[in-house]
Amino acid sequence: MATIDLLISDCDGVIVDSEIISHRVLFEALSLHVPAERLHEALEGTFGLTVPSIIDLIEKRFDLTLPKTFDEDLRRQSEKIVADEVQAIPGVREALIGIELPLAVASNSRLHNVESSLRRAGLIERVAGNIFCAEMVPSPKPAPDVYLLAAERMGVAPGHCLVVEDSPTGVLAARTAGMQVIGFTGASHIPAGHDVALRELGVAAVISDMRDLPKTVEWFLSR
């Protein structure tokens with residue numbers, strides 16, 4: 001088993017409990033164009049995808065064209081509401097500060113949003129600028145690009161990286177990059193049975209409480 005030299009964490013749904021807020025804002029905006037009961041079904045399993053990817057999915061599924069300003073208007077509204085309401089995942093600051101590995105963050109969100117979330121969680125100094133986002137690579141998660149960029153910039157082989165992810169999209173990205181993954185199921189948006197879905201994608205461990213992260217990382221280090 002390869003040694004672990006770098007811990008990489010997703011941000012939304014792992015460091016901050018933002019996915020449920022973003023989903024609410026997205027649903028409210030889309031429900032002006034799609035019946036709510038059909039929209040619920042269409043949005044199942046989309047968390048972790050970028051907003052443009054979700055918009056494309058909805059337009060194709062319902063054969064409609066959303067206003068050209070929809071994405072930017074939604075982004076502006078969502079960023080404001082998330083910044084006002086988002087809270088750190090309980091225990092995440094203590095967990096990530098207590099783990100003696102270099103730490104990077106890899107996210108499908110934009111850089112300034114990730115920086116804002118890290119400040120809210122009290123982790124901006126711990127991450128020390130090692131933030132890698134979808135806007136920096138050709139393709140967002142579920143493509144492996146952002147994880148491969150993090151490994152390259154940090155000077156660590158992908159097989160020596162350990163990732164913390166909450167979404168199937170992110171797990172697929174990390175596993176495709178050749179990294180080991182800890183699944184996290186403690187955020188507010190996580191549905192029942194999500195741990196099973198993550199294990200089926202190849203995560204080696206699943207936790208629902210960030211206070212369990214340090215000992216789980218230790219387990220990987222001792223393998």
Side-chain angles (χ1 to χ4, degrees), residues 10-87 89 105-114 116-117 132-147 165-177 181 183-198 200-201 203:
D10 182 34
C11 183
D12 297 296
V14 175
I15 291 176
V16 291
D17 201 359
S18 54
E19 290 281 9
I20 194 166
I21 302 171
S22 299
H23 183 87
R24 185 190 78 219
V25 177
L26 174 64
F27 185 88
E28 290 172 353
L30 287 173
S31 65
L32 298 176
H33 305 273
V34 178
E37 62 275 8
R38 298 185 66 194
L39 188 57
H40 276 295
E41 180 184 354
L43 290 176
E44 283 184 6
T46 60
F47 74 85
L49 295 178
T50 62
V51 170
S53 296
I54 295 174
I55 290 174
D56 184 58
L57 182 154
I58 294 297
E59 287 186 322
K60 288 178 179 176
R61 178 156 182 170
F62 295 100
D63 191 24
L64 57 82
T65 301
L66 293 169
K68 290 183 178 180
T69 61
F70 183 89
D71 186 10
E72 190 55 41
D73 291 345
L74 174 66
R75 190 187 303 277
R76 187 163 46 248
Q77 181 184 18
S78 182
E79 287 177 358
K80 181 181 185 305
I81 294 174
V82 169
D84 289 343
E85 297 182 16
V86 75
Q87 298 296 320
I89 294 289
V105 170
S107 174
N108 265 357
S109 291
R110 296 200 292 184
L111 179 61
H112 71 273
N113 294 330
V114 176
S116 176
S117 293
F132 305 95
C133 297
E135 66 206 71
M136 301 177 181
V137 294
S139 299
K141 305 174 190 177
D145 300 23
V146 71
Y147 279 116
E165 266 286 359
D166 66 312
S167 72
T169 300
V171 170
L172 183 58
R175 294 295 295 146
T176 303
V181 184
F184 177 66
T185 61
S188 299
H189 66 286
I190 298 295
H194 190 61
D195 57 327
V196 176
L198 295 185
E200 288 177 349
L201 289 172
V203 303

Closest non-hydrogen atom pair between [X] and [Y], with its separation:
| X | Y | value |
| --- | --- | --- |
| Val14 | Ile89 | O-CG1, 3.2 Å |
| Ile58 | Ala42 | CD1-CB, 3.9 Å |
| Tyr147 | Gly170 | CE1-O, 3.8 Å |
| Ile21 | Asp17 | CD1-O, 4.1 Å |
| Gly13 | Ala187 | O-CB, 3.5 Å |
| Glu165 | Leu198 | O-CD1, 4.4 Å |

inquiry  = Could you work out, with side chain to side chain donor-acceptor pair (under 3.5 Å) as the rule, every residue matching Asp145, not counting sequence neighbours?
reply    =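 So Asp145 forms no side chain to side chain donor-acceptor pair (under 3.5 Å) with any residue.
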Between [atom1] on residue [X] and [atom2] on residue [Y], distance to nearest 0.5 Å:
| X | Y | atom1 | atom2 | result |
| --- | --- | --- | --- | --- |
| Ser188 | Glu19 | OG | CD | 11.0 Å |
| Ile81 | Arg76 | CD1 | CZ | 12.0 Å |
| Ser117 | Asp12 | OG | CG | 5.5 Å |
| Thr46 | Ile54 | OG1 | CD1 | 4.0 Å |
| Ser167 | His194 | OG | NE2 | 7.0 Å |
| Ser31 | Arg38 | OG | CZ | 14.0 Å |

Determine yes or no for a side-chain-to-main-chain donor-acceptor pair under 3.5 angstrom, with [X] supplying the side chain and [Y] the backbone.
| X | Y | value |
| --- | --- | --- |
| Glu135 | Leu111 | yes |
| Thr176 | Leu172 | yes |
| Asn108 | Lys141 | yes |

Are any non-hydrogen side-chain atoms of [X] and [Y] less than 4.5 angstrom apart?
| X | Y | value |
| --- | --- | --- |
| Leu26 | Ser78 | no |
| Cys133 | Val146 | no |
| Phe27 | Leu39 | yes |
| Ile15 | Asp10 | no |
| Val181 | Arg175 | yes |
| Val82 | Asn113 | no |

task = For the residue pair Asp166 and His189, confirm or rule out a side-chain donor-acceptor distance under 3.5 Å.
result =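 Checked: Asp166/His189 side chains pair up, N/O donor to acceptor below 3.5 Å.
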ask   = Taking atom types as modelled, is there a side-chain donor on Thr185 or Asp195 under 3.5 Å from an acceptor on the other?
value =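 The answer is no; no qualifying pair exists.
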query = Looking at Glu85 and Lys80, does any basic side-chain N land under 4.0 Å from a carboxylate oxygen?
reply =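 No, this pair does not count.
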Show me the donor-acceptor pairs within less than 3.5 Å that the side chains of residues 59-72 make with the rest of the protein, sequence neighbours left out.
from	atom 1	to	atom 2	distance (Å)
Glu59	OE2	Leu66	N	2.8
Lys60	NZ	Asp56	OD2	3.2
Thr69	OG1	Asp73	OD2	3.0

request  = Count the heavy atoms of every other residue, nucleotide or ligand shown that sit under 6.0 Å from CZ of Arg24, and state whether that count exceeds 12.
outcome  =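 Yes, because the 6.0 Å sphere around CZ of Arg24 holds more than 12 heavy atoms from other groups.
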